[in-house]
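Written below as structure tokens is the structure these notes are about.
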Amino acid sequence: MLRRVLLLASLLLLVLVGGGVAVARSTPSLSTAGPTSVAGTEASATFRIGEHLVRQIRYADAGTLRYTFRLTNGGRLPLTVVGLAAEQPDTRLFTYVSLTSADGASHIALGGGESEDVTLSLLMGGCESLSARAGAFVTEVVLRTRQAGMFEDEVTVTLPEEVHTGSPREAFCPNSTATSRPPG
């Protein structure tokens, strides 16, 4: 009889521990929202094209665009955003640099259901490789997260606006030459 009780208790403990690990191992649920703001450029405007909300910013060669938005942990478990993933979506005029909290921290702790304002820093460059009327979008960012201090995931979040800049005319693209830009 004692053996059966011990066996039953062991099985119950195994199921509980396994269930806890499965819950902790669920992929984090992150979302974004406004209000948004930008710094690092002289001008920006927002407009809607169908279902798309576009944030148009003025290109500033070798400048850093800082795009601030609200990040929300939609899950029940706490997590920490530990930075940007090594692989980010392709974009021609932006390079992903960092994601920080309002106080400049690179590790952002979010409890279940909590939100925090974060800033995505993007380096602007490469205008000499595009025609003067071409542009580039940033619509999402891939974040590295950690749950329970050990489970790491990469989570892609869609930005609240499609961030867009256009390649400036030659006068505002200091490294462009007669042959560095494709026709168009």
Report task. Go through the structure and list residues passing salt bridge (charged side-chain N to carboxylate O under 4.0 Å, His left out) with R66, not counting sequence neighbours. Result -> none
Report task. Compare all side-chain heavy atoms of V138 with those of L65 and state whether any distance is below 4.5 angstrom. Result -> no
Query raised in the report: In the single-linkage hydrophobic clustering (I, L, V, M, F, W, Y; side-chain heavy atoms under 4.5 Å), do Y59 and L123 co-cluster?
Result: no
Requested in this report: Applying salt bridge (charged side-chain N to carboxylate O under 4.0 Å, His left out), name anything that partners R92, two or more places apart in sequence or on another chain.
Outcome: none
Query raised in the report: Judged by atom type as modelled, is there a donor-acceptor pair below 3.5 Å linking the side chain of D153 to the main-chain atoms of V155?
Result: no
**Report entry** Closest non-hydrogen atom pair, S115 against R70
**Finding:** CB-NH1, 3.3 Å
Report task. Look at the side-chain heavy atoms of Ile, Leu, Val, Met, Phe, Trp and Tyr, link any pair under 4.5 Å apart, and say whether V38 and V97 land in one connected group. Result -> no
**Report entry** Close side-chain approach of F94 and I57, heavy atoms under 4.5 Å
**Finding:** yes
Query raised in the report: Looking only at atom types and distance, does a side-chain atom of T41 sit under 3.5 Å from a main-chain N or O of R58, one as donor and one as acceptor?
Result: yes
Report summary line: Taken to the nearest 0.5 Å, the spacing of Q147 CD from L79 CG works out to 5.5 Å
Query raised in the report: Is the backbone N or O of V142 less than 3.5 Å from a side-chain atom of Q88, with the two atoms forming a donor-acceptor pair by type?
Result: yes
Requested in this report: Could you tell me whether a side-chain N or O of T80 sits under 3.5 Å from a main-chain N or O of H107, the two making a donor and an acceptor?
Outcome: no
Query raised in the report: What is the distance from atom CG of L30 to atom OG1 of T158, rounded to the nearest 0.5 Å?
Result: 11.5 Å
Query raised in the report: Judged by atom type as modelled, is there a donor-acceptor pair below 3.5 Å linking the side chain of S98 to the main-chain atoms of S121?
Result: no
Requested in this report: Please report the shortest heavy-atom distance between T36 and P160, naming the atom on each side.
Outcome: CG2-CG, 3.7 Å
**Report entry** Within one Ile-Leu-Val-Met-Phe-Trp-Tyr cluster: V82 and V141, side-chain cutoff 4.5 Å
**Finding:** no
Query raised in the report: Quick one: does Y96's side chain get under 4.5 Å of L122's, heavy atoms only?
Result: yes
Query - Non-hydrogen side-chain atoms of V118 and T32 separated by less than 4.5 Å - result: no
Report summary line: Looking only at heavy atoms, the pair that brings A136 and T91 closest together is CB-OG1, 3.5 Å
**Report entry** I108 CD1 to L143 CG distance, which is reported to the nearest 0.5 Å
**Finding:** 8.0 Å
Query raised in the report: Are V157 and V163 connected in the hydrophobic side-chain network, where two residues link if heavy atoms are under 4.5 Å apart?
Result: yes
Requested in this report: Identify the two heavy atoms, one from R144 and one from A85, that lie closest to each other, and give their separation to 0.1 Å.
Outcome: CG-CA, 3.7 Å
Query raised in the report: More than 12 non-hydrogen atoms from neighbouring residues, nucleotides or ligands closer than 6.0 Å to CG on D90, yes or no?
Result: no
Query raised in the report: Roughly how far, to the nearest 0.5 Å, is OG of S31 from CG of N73?
Result: 8.5 Å
Report task. To the nearest 0.5 Å, tell me how far L93 CG sits from M124 CE. Result -> 9.5 Å
Query raised in the report: Under the criterion side chain to side chain donor-acceptor pair (under 3.5 Å), which of E161, H164, E162 is the partner of H52?
Result: E162
